[in-house]
Every structure is written in C-alpha cells, then in structure tokens.
Amino acid sequence: MNSGPLLYFGLVATLAASWFGFVVVPHQQLGALQPETGANAAGTEVIYPAARSGEAAQGRAVYQSLGCVSCHSQQVRSENNGSDLARGWGHRRTVARDYLFDPTPLLGVSRLGPDLANYGERLGTNSFPITRLYRPTLVVTNSTCAAVPFLFEERPIRRNGPSPEALALKGDDAPAAGKEVIPTLRARQLAAYLHSLGTSADLPEAPLPPAEDANAPK
Amino acid sequence: MSQSCCNTSTEVPAEVSGREPVLFLFGSAILWLLAGLALSLLASAKLNLPSLLAGCEWFTYGRVEAAARTALVFGFASQLGFGVALWLLTKTGAARLSGPGVAVIATIFWNLALTLGVVGILALGSNGLPGLELPKQLAPTLGLAIGVLSLIGFATFAKREPGTSSPTQWYLMAALLAFPLLYLTAQVTLLFFPSRGVVQAIAAGWFGQGVLFLWLAPLALASLYHFIPASTGGTVRSPALAPLGFWSWLIFASWTGASSLVGGPVPAWVITVSVAAGVLLLIPVTLISLNLSICGPAKCTTTKYFALLALAAFTLGGFAFALTSPRCAQAVLHFTQFNVALRELFLFGFVAPALFAAFYAIVPQLAGREFPCRLSPKGHFGFTVLGLGLLLLASGVGGWKQGWLLADPKADFAAVSAGLKPWLWLHTLALAIYAFGQLAIVANSVWLIFECVKPLRQPVLALFTETRTAVAGK
C-alpha cells in the first residue's frame, strides 16, 4: 500500500473494471438493437418502435428542457417489481428496445407525478387537456405539477371571433375582457409528444398479454 | 501565531504552502453552498406551492431542481473537497503544494464554467440526464479544471517521504483519480458521442453513483481518517483493517451504478450486479465505521462534533442504502422520496459535515487567527443536526409511506399525492432550518475576512491621506 505506482494501478484497475461493466458491455449487448415487426394493441402489424413525427419530436425537446423527468418516470416495471401494471400504467413492462429512438431516454428516478410511458395511449382518442399545462389545479384538484403558463400567450380576441384553441378559463383565471389565452407552438408540440407516448406493441422479449387479460389502461 | 494573515514568509510550514488556492476553493464552496441551498429551498417550496414563480420559465421545478443539485455537488461539495484534499496532502506528506498559482487559475475557470452552467440550466433547460445537466459546451473547461487540480494533488503526493502512506492519502488518491476519469468518460459517452437508448441511462447511473461514492465519499472518508484521530486524541482502532475497508469500499461502490434503475428496462444482470454490490457495501461500511469509532481524551471541538456527526451519518446511511438495495425493497421504495432521504443523508449528513470538520480545523491555521465568533460554530452544528433530523423524518418516513401507497394499486394516484403533502411541507421547513444553520459558517467566515483585512486598513488609509495631501500641496 505504500508504493504510489501500485496504489494507482489498483485504483485504475478497479475503475476500469466497473467502466467496462457498466459502459462497454451494455453497449455491446444493446448497441445494435433494431426495431421489430409485431402486432400493436389493436392487432395490426407494425414496425416498432418508430421514430417520432416532427411535432412530437420537438415536443420531446420541450419536455426535456422543462425537466419534467424530475417528477415523471417513463418506464413500466414487471408485475413483481411494483404496482405499475396493476395501476394500468402499461400493458407490459418496458424493455430496452422501447427507447431505441429517444435521443436521451427519460426513464426518470422519481414519481411525484404518475408514470407517462403510456400516457398517449391512456388519452386514446381524447385530446390532451391542454389547460393542464396552463394551470394543473384547474384539471386535477390538489395537483403538485408545475404550471407552465409561459407556454401560453394572452392576446386580444381577433375580429373573426375567439380562437378555437383558446382556453376555457372561468372566474379569477379568466383573461381580461376582449382577450383570450391560447397555447403557443411549444405547448402544442408538448401536447403532441404526450400523445405519442405509448409502448403497446408486441415484442419477442416483452409480449403483450392476451387480449382478454389485458386491462384497458385507466 | 502570526499577527497578519497575509504574511508571505518563505519559511512557512508545508501545510500553509497552499494557503491561497485552499482558501479560494473554500470561499467559492461556501458561496455555492448558499446558492445551492437557496435553489433547493425554492424547488422544495414549489412542490407545495406550484404557482410560486410559475410565470418564469427559468424557475420551473425541473430546472431549479437540476440547478440546485449541480450547484451543491459541483460547486459546494467538490470545491470544498478539493480544498480539503490539497491541504491534507501537504499536511500528511509534509510536502509543499505543487503549483499553487495554477490551482488558483484552475479554480477561477471552474467557477466561471459552473456559473455559466447553472445559469445555462435555468435559461436553456435540463438535458434529461440526472447529475450531468451542465451544458456540454462547458464540459471541456470544467473537465480541464478538475484535471489540473487532480494533477496538482498527485504531484504533491509524489513529494511525500518515499515509501510511506496513510489511509487518508489512499482515499485522496482514489478520489482524485476517480473524478477526472468518471467525468471524462461520462462526457464522451453521454454528451459528445451518445450511445443508443438505455445504454445512456446505465452509463449516466454509473457516473452519478460514481460522483457520490467514488469522489465525494472518499474525500469525506479521507477527512475523517485524519480529523477523527486528530480531534479526539485517539488512534485508529486497527490499522490492519484500514486497507481492507478501503479496497472493499472502492470495489463494491464502483459496481453500484445501476442502483437507480432497479426494475427498469435494462439487462437484468446489470441490476443484479448493482444490487449485490449495494448489499456487500455492508462490509466496508462496518469496517470503516468500527475503525473510526474512537474515544479519545481530547476536549470537544467543532471539528470533533462535525467529524463524529459525519461518521454517524455514514454508518446509518451506508446500512440504509445496503438494506434497501434489494429488488424487493426497491419495488416499494424506488421512485419515492425515500431515495431522496438517502441522498440528503449522504450529502448533508455525511459529506458536508466531514468537510466542515476539516474546514473548521484548517481555516484558522491558514488565516493565522481563530474564527472570531465562538458561538457560531455551535449554532451551525445545532441547526445542522436539527435540520438533518427533520429532513430524514420528512423524506424518509414520508417516502416510506408514499412507497407503500404507490405499491397498492387500489390507492388512487391522487391519494398518494395527498398523503405526501404534509411531508413535503415538513421537507421545506427542514431544509429551511438546515440552510439557516449554514448561514452561521458564512457569517463567521465573512467576519474572519474582515478581521484579516483590518491590519491592512491603517497603512492603506495612511497611503491614501498622504497622496491627497501631496496632491493638495502641489
């Protein structure tokens, strides 16, 4: 222990071993992963995962920049690793292949808010209640979600009437007379991203449960 | 004791040779502590009052939280740690610090890069990699500063009496080697040439855990191995156990990289290895704790209080981490505030007090005078213990309950949030108490600087008056 070079050698070897284990080997194992062809929840054959469309991909950048990952995870654990499946947060556990096209996988480490791995599927054909971004408590009482009103703009109502996108705000939240609050481009991108979130496709390593067992996401 | 703090005699003992860089690192660390705690407090308050500063994009919760963590880890703990490391290397090796001027320049660049980085996180946003949020444009500057300071440490270590070393020096070498290597590999594999998909998450986990367990923990342990015997007047219980504790800590801690990914979409073996390594940390934690639990005849000093607090937090946190590592525990506790409690215990209970113990012992030596306020260190310690206890209660118990509610699919998510609410309020209160306590060390340091500058004021004033009379006489 008293020899400097021996100490350095031991330390470098220790660090290198764990670097090899956590960086090199996973890269070897997963770096060449490719999309698969499989059935989606509706039973149609699709290539999965697919890269996100333009607006959703831009929304991903908004989601990442606002640090939503601080409170929202995007991963579904298997049934013996928590209640994720029982809560209806997904049809199956998520696997490495699900994140193939994410520039940075936003797995998350905290669930101060619910998991969003399948949020788009939970929304289904409903459109995302965008007021939720403006003031979460208007949609979910007691929500602790951070409000992001800077993704909206207040503007005078145009001559041809209020915009169809204007938020329906009442009482104290309502804008001044003659004005309306509408989502900016970034808010619409974020909404598109949230709609794109879903992992319900059959994969060899994580098959979807048979249709009769599948609980519809709540 | 020398009268002036700025006496530059060539006959100074080795441990004073790094006065300027060490004090500079300490001063910046204390400022970052203030900034980091203010941001943490804001983040914590925003969980209770979501509409607080909601109109300002810079202060969105996710960004404030990332900025707070960055300021505390890279600004406060890392700089304080570097200062302690450089001083300990000069002291234990009886060697003069190599390149003190270079160290000062590296610290200036470090602070510039970090300031831009934290503002960058607030202004431009997080990059989604917890622990690595600093914008990548600043990574080369910060990395270079880290590399230069580490090299100065190595060069100073090389000047010790050949063929000797102590546990303090081993831990310092481990820390100074691990940090630049971790930083370099993380930046390259995550920011400049990112690998695909979840491979990034595994690498980010390895880096994040490494910064805590292979950089900050060895620094804090180095400080404890020096200051617990020094402040209690005792000796380490078993010098023969020290190498065993050292190597087992490094080997097991370096394999806990995926401990924040339990149950996640990564290869199962990665998680299994991490869980096993996490449980095996029981061995080094027990060995190190036993070895350092020393009773000595020396009277109580601030250093002793803080060092023993750090040791207690290390033991408690180490056991809690090891016992909650397995899958069955993380199935309940993962994603909850419980893991936040462990992180806070580590940073606020173990690393910060271990380095404060060193701070209170080193600064009077380097400044050439005692801290002016005798009461302030006691207040600092008292509020630290109180704040820490409440933080553990809020996040630990609150997180435990949150975990069990989350594990029960019949409990609505709104019910989980509602159940957590009082605990989040308590967390904000606890953080405020902890932060208030830290103001004591700031005030005492500022006062000390004034005391040091006082003897210089007379000659400067005289010079000023003389010049004025000369100008008036013309």
Side-chain angles (χ1 to χ4, degrees), chain A residues 1-2 4 7-8 10-12 14-15 17-19 21-23 26-27 29-31 33 64-71 73 75 77-78 80-83 86-87 93-96 98-100 102-107 109-112 114 136-137 140 142-150, chain B residues 46-47 50-51 54-55 57 60-63 65-66 124-130 157-158 163-165 170 173-174 177-178 181 185 189 195-203 206 243 250-251 254-255 257-258 260 263-267 270 273 327 331 334-335 406-409 413-414 417-418:
Chain A
M1 285 298 287
N2 286 337
L7 181 64
Y8 294 139
L11 292 171
V12 172
T14 310
L15 276 172
S18 79
W19 170 74
F22 284 115
V23 181
H27 184 73
Q29 193 177 349
L30 301 174
L33 217 53
Q64 177 175 308
S65 136
L66 294 177
C68 303
V69 69
S70 291
C71 300
S73 60
Q75 52 179 311
R77 298 175 294 171
S78 62
N80 40 15
N81 263 311
S83 65
R87 280 187 176 276
R93 71 192 174 92
T94 50
V95 291
D98 290 316
Y99 304 88
L100 218 46
D102 277 352
T104 307
L106 301 168
L107 298 181
V109 289
S110 171
R111 280 185 178 161
L112 287 172
T137 42
V140 179
N142 288 328
S143 169
T144 50
C145 189
V148 287
F150 45 83
Chain B
K46 279 180 74 85
L47 285 180
S51 54
E57 183 167 357
T60 305
Y61 175 78
R63 292 188 182 179
E65 199 243 2
L124 307 171
S126 155
N127 59 13
L129 292 167
F157 178 64
T164 60
S165 70
W170 311 334
M173 284 303 104
L177 199 65
L181 289 183
T185 43
T189 51
S195 38
R196 284 178 90 182
V198 295
V199 180
Q200 280 184 49
I202 305 172
W206 173 76
L250 282 183
I251 290 169
S254 63
W255 283 93
S260 59
V266 296
V270 174
V273 168
R327 282 193 170 84
H334 193 18
F335 303 118
L406 266 176
D408 174 13
F413 195 84
S417 295

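Chain identifiers are assigned alphabetically (A, B, ...) following the order of the sequence lines, protein sequences preceding nucleic acid strands; residue numbering begins at 1 within each chain.
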Closest non-hydrogen atom pair between B:Gly55 and A:Pro149, with its separation: CA-CG, 4.0 Å
Considering all heavy atoms, the nearest A:Ser143-B:Pro50 contact: O-CG, 3.7 Å
Chain B heavy atoms under 4.5 Å from [X]: which part of the residue, side chain, backbone, both or neither?
X        : result
A:Gln64  : both
A:Leu112 : both
A:Thr94  : both
A:Cys71  : side chain
A:Val95  : backbone
A:Leu11  : both
A:Val12  : both
A:Thr137 : neither
A:Pro103 : backbone

Side chain, backbone, both or neither: which part of [X] has a heavy atom under 4.5 Å from chain A?
X        : result
B:Ala203 : both
B:Ala178 : both
B:Ala201 : both
B:Ala258 : both
B:Asn127 : both

Hey, which of [options] has the most heavy atom pairs under 4.5 Å with chain A?
options                                : result
B:Gly197, B:Gly125, B:Ser126           : B:Ser126
B:Ser260, B:Gly163, B:Pro130, B:Ala174 : B:Gly163
B:Tyr61, B:Phe157, B:Phe413            : B:Phe413

If we define contacts as heavy-atom pairs under 4.5 Å, which of [options] has the most with chain B?
options                               : answer
A:Pro105, A:Ala17, A:Gly67, A:Gly21   : A:Pro105
A:Ala147, A:Pro114, A:Pro26, A:Ala146 : A:Pro114
A:Ser78, A:Cys68, A:Ala96             : A:Ala96

Residues B:Arg196, A:Leu100; criterion side-chain contact (heavy atoms from CB on, under 4.5 Å); working and verdict: CA-CA 7 Å; B:Arg196 284 178 90 182; A:Leu100 218 46; 3.6 Å; yes
Pairwise distance CD(B:Gln200) to CG(A:Leu107) - rounded to 0.5 angstrom: 9.5 Å
Nearest-0.5 Å distance, CZ of residue A:Phe22 to OG of residue B:Ser254: 8.0 Å
Chi angles and distances behind the side-chain contact (heavy atoms from CB on, under 4.5 Å) call for A:Leu66, B:Glu57: CA-CA 8 Å; A:Leu66 294 177; B:Glu57 183 167 357; 4.0 Å; yes
Check: B:Leu406 main-chain N/O paired with A:Ser83 side-chain donor or acceptor under 3.5 Å: yes
Donor-acceptor pair, side chain of A:Arg77 and main chain of B:Pro265, under 3.5 angstrom: no
Residue among B:Thr185, B:Leu181, B:Leu250 satisfying side-chain contact (heavy atoms from CB on, under 4.5 Å) with A:Leu15: B:Leu181
All salt bridge (charged side-chain N to carboxylate O under 4.0 Å, His left out) counterparts of B:Arg327, not counting sequence neighbours: none
Close side-chain approach of A:Leu30 to B:Pro267, heavy-atom, < 4.5 Å: yes
Contacts of type side-chain hydrogen bond (donor to acceptor under 3.5 Å, both in side chains), residue A:Ser18, not counting sequence neighbours: B:Trp206
